[in-house]
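Per chain, numbering begins at 1; letters A, B, ... match sequence-line order.
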Amino acid sequence: MAGKSGRTISATPQKSILKRLLSWEGALVLIFIAVLVMGRIMSPYFTLDNVLREMPKYLAEILIVFPMGFVLIMGEIDISVGSIVCLSATVACFAGNAGLPFPLVMLICLATGLACGLLNGFILTRWPELPPMIVTLGTQIIFRGIAEVTLGSGGSLSYVNSKDLGILSKTLGPFPVAFFVVLIAAAIFIVVLSTSTFGRKLYAIGSNRTAAQYAGIKVSKIRLIVYALAGLMAGMCAMFILTTTFGANTTTGQNYEMDVIAMCVFGGIATTGGKGNLFGALLAGFSIVCLRIALGLINTNPQLILIIIGLLLIISVLISGISQMRGKKIKKKKA
Amino acid sequence: MSDELILELKGITKIFPGVKALNNVHFQLRKGEVHALMGENGAGKSTFIKVITGVFPPEEGQIFLEGKEVVFKGTKDSLAVGIAAVYQHPTTYPDLSVTENIFMGHQIKNGPFMNWKAMHAKAAELLGRLNADFDPKSEMGTLSVAQQQMVEIAKALSTNARIIILDEPTASLTANESKELYRIVKQLRDEGVSIIFISHRMEDMYELADRVTVFRDAQYIGTYDVNGITTADLVKAMVGREIKDMYPKPEVKIGDEVIRIENLSRVGYYKDVCLNARAGEIVGLTGLVGARRTEVMESVCGITKPSAGNVYLNGEKLKIKTPKDAMDAGIILLPEDRHKEGLILSWGLGMNVTLPVQDKLAKIHFFNDNKTEREMSRDLLESVDTKAVTIFDPASSLSGGNQQKVVVAKSLANDNMKVIILDEPTKGVDVGAKAEIYAIIGELALKGYAVIMISSEMPEILGMCDRIYVMCNGRVTGCLDRAEADQEKILNLAMLEKGKAVEQA
């Protein structure tokens, strides 16, 4: 039905393949390929087998990229995930060493992560005006503190029945189990974000929290779920970390939050909320991981690797920042 | 006022990529006159102001100051010759003191140090000149919008401005505050300052201006003596067509009571508010700014929690804790601040419209039904006659009037709506779009919605409403029927309990 003036409005979406290729995700595909080619040129040992052998501990980290993407798209941040990994791994070690059956140990590990995430979510939704950065900084210190107290003076604890962990470090063909877990998690999180009402609500909250609330979105409920998910996935990460470290110590999961946020931002997710997608974050995650493995294979100093990744991150936000500023300038002129 | 020109702009053309924002416009400002600049949103008034202040250097045209041609490359140049602008939304620093705000950018210094004593003294003097009754040491954020505007004017005076540009200064002011502003403007005029005044409100122009210049679609339409032109002719000049009926209030058969609010109170905000609205009825809720009208409706819609009282819908008592509960029951609030509360500006229009109903439309209660959403939002946007090309246009690209239409379309997306509450629906909307929005409100009543309209604008309240509730200091002080209501009665009720505020929490 047309209005009184007979004006009609088009509702046909314009899908442009060119536009898609020119997007940041398109660029990330190229970057990913470039990393693989460079790795191959730099080191003859940069083969599928070697890469996959190095992969599991990084794969565990990528598991947290997905919920972190949710948090960032909501315009918030959770810097406690690294400590949640540490606490969950510690609890799992205690549970395993107490002789509990392995499936129960896994469940306890996930439950620990979930509980930590729920605590974050509870604090932030009970007092919605608190800044997430500070609250999760607080819980970051608390969670790691609890782990350190529990680990005692030694500061580390081995997982005695380490053969139990074998089931998680198995390979299917050349690929480790963690690889498939990451793919399944990626599929679920990407589908939820891009096609579900839940995903749309995340973008709405990140773009304008007040307007989202006025439009009838239960903002508190969604925030609670997202922080709980971050905790749960950190718990899952902890299980896979144990398969590579066979124990927990006070540095387990340290700086994971920063790695994961870096992957998200490099993948085009704006920390101001409302922008970006997980496909980009996934690509960025794998690019960074492959770059790390390649640099590791040619015996690059680990500190140098950090510098390179830091530079990459700044360049990526610079690119999106410049394009945004340009867009704004044009808009401003029009107004 | 003399006939001597202080400022003249000739043949100004300003081109932005793809748009001619100003097309060969002229403007003459006499010494000591108040000159109104009018036109619809998008007519080019704001761009024109920015040409005068040097923010946008024009592609073509000349600017003459007292007969001599000048070129402004930035606001610094225009400030140096005594041109200052006071914008609609004061760009102030809420955490700093009034003095600091006044002297921001041109502080008085003793060598490298701030000379606070001199600045406070000068600020006090400037405020005294404006008859302002607040301390220059008070924090900016604690002042009302009207007081902040005075600070902005004081800031303009502190630069010894000879020409002051006021961009929609009365948009956020109450009737009384507007009167105070009128007094200040007249005083400045009498002191010899020339004033350019932009406003959508006809009252402002009649009260203040000597002459009025009209722009339309980036073109210069004409300059008129205020006493020599009728309102109808002026509106025609602005809109480009005749508006026959500004307030198309339809004859609606009013049905049963839909919503009843009983003794609603919120400690520190409002007390014992009772009101009701019937199907097909347009109920006005008016009062001075600060009468707590919005606060009452926010509680009705679950945004804040009332401390006592009940809301009944079709006789049933409601338990509303969140906006979602209100919507599920059939009550929706279209908030006053479209940018902060009403719309997600970066999103397309379509997604904005269907945001409240995406859950209802979703497949297996989880996956977005994009196709249905697109068609639905298109139909709704067309039904309110939104000026847009596609439903994917970002909401930020529309004018205020069209954004308001999108907000209305959003409320219509939910087919179980019974009560539509509009908070200042025509704030920041130009004359032409106002008439369209009134027509839409009339249609809502025809469709059988109970419409509650919060508004400070007397003409629209008197023109559109069947009944008018008046609030003052958190209490309903009266309810007038359409037939008996007039401006004087409303104002009397709006100031009835002046000074008798609801006890603070």
Asks: Pick one of side chain, backbone, both or neither for B/Ile303, based on which atoms fall under 4.5 Å of a heavy atom in chain A.
Replies: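 Contact with chain A involves the side chain of B/Ile303 alone.
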Asks: Name the region of B/Thr386, side chain, backbone, both or neither, that has any atom closer than 4.5 Å to a heavy atom of chain A.
Replies: both
Asks: Using a cut-off of under 4.5 Å on heavy-atom pairs, state which of B/Lys410, B/Met351, B/Lys371 scores highest against chain A.
Replies: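 Ranked by contacts with chain A, first place is B/Met351.
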Asks: For B/Glu424, is there an ion pair with B/Arg338 - N to carboxylate O distance below 4.0 angstrom?
Replies: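 Salt bridge absent between B/Arg338 and B/Glu424.
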Asks: Would you please test B/Asp430 and B/Lys434 for salt bridge (Lys or Arg N to Asp or Glu O under 4.0 Å) and show each step?
Replies: CA-CA 6 Å; B/Asp430 57 51; B/Lys434 260 185 190 169; over 6 Å; no
Asks: Consider side chain to side chain contact (heavy atoms under 4.5 Å, CB included). Of B/Ile52, B/Val51, B/Thr47, which one does B/Ile12 pass it with?
Replies: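 For B/Ile12, the side chain to side chain contact (heavy atoms under 4.5 Å, CB included) test succeeds with only one of B/Ile52, B/Val51, B/Thr47, which is B/Val51.
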Asks: Side chains of A/Ser194 and A/Asn277: any donor to acceptor distance under 3.5 Å?
Replies: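 Not at all, the side chains of A/Asn277 and A/Ser194 share no donor-acceptor pair under 3.5 Å.
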Asks: Which of the residues B/Gly44, B/Ser411, B/Pro323 is involved in the greatest number of heavy-atom pairs with chain A at under 4.5 angstrom?
Replies: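 Highest number of heavy-atom pairs under 4.5 Å: B/Pro323.
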Asks: May I ask you to check whether A/Phe189 and A/Phe70 place their ring centres under 6.0 Å from each other?
Replies: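 Close enough - the centres of the two rings lie under 6.0 Å apart.
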Asks: Could B/Asp167 and B/Lys45 be called an ion pair, given the rule that one side-chain N must be under 4.0 Å from one carboxylate O?
Replies: no
Asks: If I measure from the heavy atoms of chain A, does B/Asn414 come under 4.5 Å with its side chain, its backbone, both, or neither?
Replies: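 Contact with chain A: none, neither part.
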Asks: Counting only heavy atoms closer than 4.5 Å, note whether B/Lys387 contacts chain A via side chain, backbone, both or neither.
Replies: both
Asks: Could you tell me which of B/Arg374, B/Lys14, B/Glu375 has the largest number of non-hydrogen atom pairs under 4.5 Å with chain A?
Replies: B/Arg374
Asks: Can you tell whether the side chains of B/Glu298 and B/Lys305 come within less than 4.0 Å, N to carboxylate O?
Replies: no
Asks: Top residue by heavy-atom pair count (under 4.5 Å) with chain A, among B/Leu333, B/Leu343, B/Asp325, B/Thr322?
Replies: B/Leu343
Asks: Should A/Arg209 and A/Arg223 count as side-chain neighbours, where that means a heavy-atom distance under 4.5 Å?
Replies: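 SC-SC contact between A/Arg209 and A/Arg223 confirmed.
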Asks: What part of A/Ser220 gets within 4.5 angstrom of chain B, counting heavy atoms only: side chain, backbone, both, or neither?
Replies: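 For A/Ser220, neither part sits under 4.5 Å from chain B.
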Asks: Sort out for me which of A/Thr210, A/Ile217, A/Val219, A/Val192 touches chain B most, counting heavy-atom pairs under 4.5 Å.
Replies: A/Thr210
Asks: Who among A/Ile9, A/Val191, A/Thr195, A/Thr12 has the most heavy-atom pairs with chain B under 4.5 Å?
Replies: A/Ile9
